[in-house]
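Below is one structure, written out as structure tokens; the observations come after it.
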Protein chains: 2
Amino acid sequence: MLILRQSEVCDFRRFFAFTQFPIAFRCQSDMRRVHSPAQLPIRTSLTTLTTYQNRLLARLGANDLALLQPHLEPVDLPVGLVVIEPDQPITHAVFPETGLCSVIANLQERNSVEVGLFGRDGFVGTALVLGSTRVPHQTFMQVSGTGLRIEAEALTRAIEASPSLRRLLLRYIQTFLIQTAQTALANASAPAEERLARWLAMYHDRQDGDELSVTHEFLSLMLGVRRPTITVALQMLEGAGLVRAQRGRVRVLNRAGLIAAAGPAYGPAEAEYDRLIGPLHGHGEAERTDHAIDYSSAS
Amino acid sequence: MLILRQSEVCDFRRFFAFTQFPIAFRCQSDMRRVHSPAQLPIRTSLTTLTTYQNRLLARLGANDLALLQPHLEPVDLPVGLVVIEPDQPITHAVFPETGLCSVIANLQERNSVEVGLFGRDGFVGTALVLGSTRVPHQTFMQVSGTGLRIEAEALTRAIEASPSLRRLLLRYIQTFLIQTAQTALANASAPAEERLARWLAMYHDRQDGDELSVTHEFLSLMLGVRRPTITVALQMLEGAGLVRAQRGRVRVLNRAGLIAAAGPAYGPAEAEYDRLIGPLHGHGEAERTDHAIDYSSAS
DNA sequence: AAATATTTGTACGGTAGCGTACAAAACAAC
DNA sequence: GTTGTTTTGTACGCTACCGTACAAATATTT
């Protein structure tokens with residue numbers, strides 16, 4: 001099992017170097033860390049509906065589940081794992097159960113910026129559904145967790161076979177596209193404080209509890225700003241009573257206020273997720289897709 | 001036929017007000033302006049392959065063409081036409097033959113920013129393919145042109161019926177997603193001059209000739225910067241011999257230099273388009289998709 | 001040609017965020 | 001505990017861009 005020193009976990013300057021070595025996936029047998037048995041998927045017979053924490057898998061009806069389940073393998077997703085290397089063939093899609101994923105653009109120079117963020121609400125490998133097998137961006141684990149992976153070919157076969165599964169994944173891609181567009185908007189016109197508030201709210205949506213584990217250094221990398229800019233912006237949010245910042249940790253005190261502070265860039269993507277997939281924040285249960293055969297696209 | 005006064009065409013502050021009135025589409029019979037007979041699609045029997053200027057339609061094989069062609073109606077796309085109103089039901093998809101389209105985020109306040117740009121390389125209504133019928137963003141004609149529209153339902157039926165058509169449109173969406181991500185990146189870290197160069201290069205890709213019709217005012221709206229910032233940035237590019245700026249017009253003199261000035265945010269999306277669809281810039285002919293049944297996704 | 005409308009160039013003070021640097025605080029390892 | 005590492009707070013001068021304003025240049029309309 002990989003033991004990370006404090007520096008290796010937290011210093012994301014070194015981290016980007018650290019993640020260079022060519023791991024696509026470390027298998028569960030290799031290094032699964034069982035945080036709690038309840039967090040691991042329980043394999044059951046195909047007639048029983050397994051409940052996944054991943055929102056997309058949770059929405060699958062019996063038929064789609066039967067299609068996917070034989071190919072799903074539980075995997076551990078340690079922090080810093082590069083799930084997709086830029087411009088490299090995508091061998092697997094991954095549905096996170098816990099943890100957080102970031103999509104990063106422009107790794108060559110120092111100006112890396114996050115263009116997308118997801119966790120149990122989405123999946124890694126949208127390009128596979130869109131008919132490509134690589135992307136110019138990097139996807140890595142920002143918060144460690146667990147998930148289920150499926151081979152690229154098995155996934156593409158499944159989406160060809162099941163229109164309802166395909167439509168579910170495409171609807172997710174629609175929300176992700178909107179999220180990216182809202183990020184472009186925020187990056188263009190929102191001041192650092194608003195962008196920080198937006199990021200914290202998005203993180204909060206995808207995580208249980210109010211305690212977010214992030215350093216200023218990390219936030220500065222995600223938002224593409226200077227580290228002291230984060231320090232100051234965070235102090236503003238703390239002064240307004242929206243969050244409580246401690247070393248390596250941000251506690252959300254006033255979620256509604258945080259969302260208000262995030263400005264208009266927060267909201268549209270999240271509303272679209274609620275509409276097209278189900279509740280993003282919290283533990284609301286969404287109905288499953290193909291109990292009744294669902295040929296109508298959500299509108 | 002609608003005659004626009006100079007002010008109505010060019011002043012995009014007024015323009016945004018001007019486009020408020022609820023036109024979804026002005027029909028061709030109503031106001032088609034035939035710029036040149038060659039630009040209009042020629043209706044032929046289904047056994048003959050019509051050649052479209054729209055890159056996606058041009059790639060359709062005989063079967064897919066037969067599926068779509070009965071539903072395609074030529075439409076005129078005057079400058080300023082709001083093709084998709086934010087959060088309103090999308091009734092038609094449109095495949096532009098000429099002209100340029102912009103996707104704009106955040107209209108409520110003054111901070112509108114362009115998050116996507118396309119012309120004959122793409123189509124309006126990606127949300128339809130992704131299983132939604134509205135988007136929180138506005139799509140409008142930035143440069144007038146002509147195109148072909150199809151009813152939303154006819155399109156969704158066609159993509160359910162033809163995997164090769166569906167995969168073609170999804171591959172385009174993949175390139176558009178990357179374009180949006182690159183825009184997010186550019187907005188975060190690139191200075192105004194780089195972003196301007198990128199925008200001009202993207203415009204140039206989608207237009208015949210080197211003469212681009214834009215005002216500083218318009219560019220400032222698209223890039224989300226102040227108008228004098230554009231003036232200065234354009235002077236820099238002109239000083240470097242990359243473009244020649246005249247009132248309401250920018251002539252590209254050195255395309256390679258312009259792309260170099262655009263920095264790393266230009267390139268990935270365009271390379272992906274070339275790889276997944278066909279040549280973006282220039283008049284290269286791409287092979288048609290479903291001549292042979294194409295079940296393999298491009299990789 | 002004259003009048004009007006539009007577009008572009010330039011200027012000014014103000015500010016948000018930059019790159020850099022360094023010290024203080026919080027934590028981990030020994 | 002003590003030591004070393006990591007994270008955070010703060011400072012400094014600097015630059016890009018902001019909001020605003022106005023004059024010059026170039027179209028369009030009459």
Side-chain angles (χ1 to χ4, degrees), chain A residues 3-15 18 79-80 109-113 186-197 212-239 243-251 263, chain B residues 3-15 18 79 109-113 186-197 212-221 223-239 243-251 263:
Chain A
I3 305 293
L4 297 177
R5 294 187 56 211
Q6 188 179 12
S7 65
E8 289 167 331
V9 174
C10 299
D11 185 343
F12 279 83
R13 295 196 192 278
R14 262 186 246 170
F15 156 75
F18 151 69
V79 66
E109 318 232 342
R110 54 193 338 163
N111 326 334
S112 305
V113 168
N187 289 354
S189 55
E193 189 183 328
E194 262 183 50
R195 289 170 58 194
L196 175 60
L212 318 180
S213 307
V214 275
T215 65
H216 297 187
E217 180 74 42
F218 178 77
L219 286 166
S220 79
L221 258 158
M222 291 301 105
L223 300 182
V225 298
R226 215 173 37 120
R227 204 256 312 148
T229 301
I230 297 288
T231 305
V232 174
L234 207 47
Q235 285 165 351
M236 294 293 119
L237 296 179
E238 198 165 7
V243 298
R244 172 102 191 86
Q246 281 152 29
R247 186 190 156 98
R249 220 155 347 128
V250 177
R251 166 172 277 275
Chain B
I3 305 293
L4 297 177
R5 294 189 56 212
Q6 187 179 14
S7 64
E8 290 168 329
V9 174
C10 298
D11 186 343
F12 278 83
R13 293 194 195 280
R14 263 186 246 173
F15 156 75
F18 150 69
V79 67
E109 319 232 340
R110 54 190 341 161
N111 326 333
S112 304
V113 167
N187 290 353
S189 55
E193 188 183 329
E194 261 183 51
R195 289 170 57 194
L196 175 61
L212 319 180
S213 307
V214 276
T215 66
H216 297 187
E217 181 74 41
F218 178 77
L219 287 166
S220 80
L221 259 158
L223 300 183
V225 297
R226 216 174 34 120
R227 205 257 312 146
T229 301
I230 297 288
T231 305
V232 174
L234 208 47
Q235 285 165 351
M236 293 293 119
L237 296 179
E238 198 166 5
V243 298
R244 172 105 190 84
Q246 281 153 30
R247 186 190 156 99
R249 218 152 355 123
V250 177
R251 166 172 278 275

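Note on naming: letters A, B, ... go to the chains in the order of the sequence lines (proteins, then strands), and numbering restarts at 1 for each one.
Contact check, B/Gln235 against C/dT10: a side-chain N or O comes under 4.0 Å of OP1 or OP2. Residue A/Thr229 places at least one side-chain N or O closer than 4.0 Å to OP1 or OP2 of C/dC18. Taking 4.0 angstrom as the limit, A/His216 places none of its side-chain polar atoms (N or O) nearer than this to OP1 or OP2 of D/dT6.
Ranking C/dC27, D/dT20, D/dT10 by closeness to the A/Arg247 side chain, first place goes to C/dC27. Comparing C/dT8, C/dA21, D/dT20 by their nearest atom to the side chain of B/Arg227 picks out C/dT8.
If you take CD of A/Gln246 and P of C/dA24, they are 22 Å apart, rounded to a whole angstrom. Between the CE atom of A/Met236 and the C1' atom of D/dT8 there is a distance of 15 Å, rounded to whole Å. Protein atom CZ of A/Arg249 is 18 Å distant from nucleotide atom P of D/dT6, rounded to whole Å. Note: CG (A/Leu219) to P (D/dT6) measures 19 Å, nearest angstrom. Taking atom CD1 on B/Ile230 and atom P on C/dT10, their separation rounds to 16 Å, with Å as the unit. Distance CG (B/Leu234) to C1' (C/dT7): 13 Å, rounded to an integer number of Å. The nearest whole Å value for the distance from the CD atom in A/Glu217 to the P atom in C/dT20 is 13 Å. Separating the CG atom of B/Leu221 from the C1' atom of C/dT7 is a distance of 14 Å, rounded to the nearest angstrom.
When heavy atoms are screened at a 4.0 angstrom cut-off, B/Val232 is found touching no nucleic acid atom at all.
No side-chain heavy atom of A/Leu196 sits less than 4.5 Å from a side-chain heavy atom of A/Met236.
In plain terms, the two heavy atoms of B/Arg195 and B/Ala190 that are nearest each other are CD-O, 3.4 Å. Listed here is the closest heavy atom pair of A/Ala192 and A/Thr229: CB-CG2, 3.6 Å. Between B/Glu238 and B/Ala245, the closest heavy-atom pair is OE2-N, 3.2 Å. B/Gly224 approaches B/Val113 most closely through the heavy-atom pair CA-CG2, 3.9 Å.
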Can you name the atoms? Protein N/O to nucleotides 12-16 of chain C N/O, anything below 3.5 Å, with the distance.
none

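Residues satisfying the side-chain contact (heavy atoms from CB on, under 4.5 Å) criterion with A/Thr231, sequence neighbours excluded, are A/His216, A/Arg227, A/Gln235.
The list of salt bridge (Lys or Arg N to Asp or Glu O under 4.0 Å) pairs with a residue in residues 228-237 of chain A, not counting sequence neighbours, is empty.
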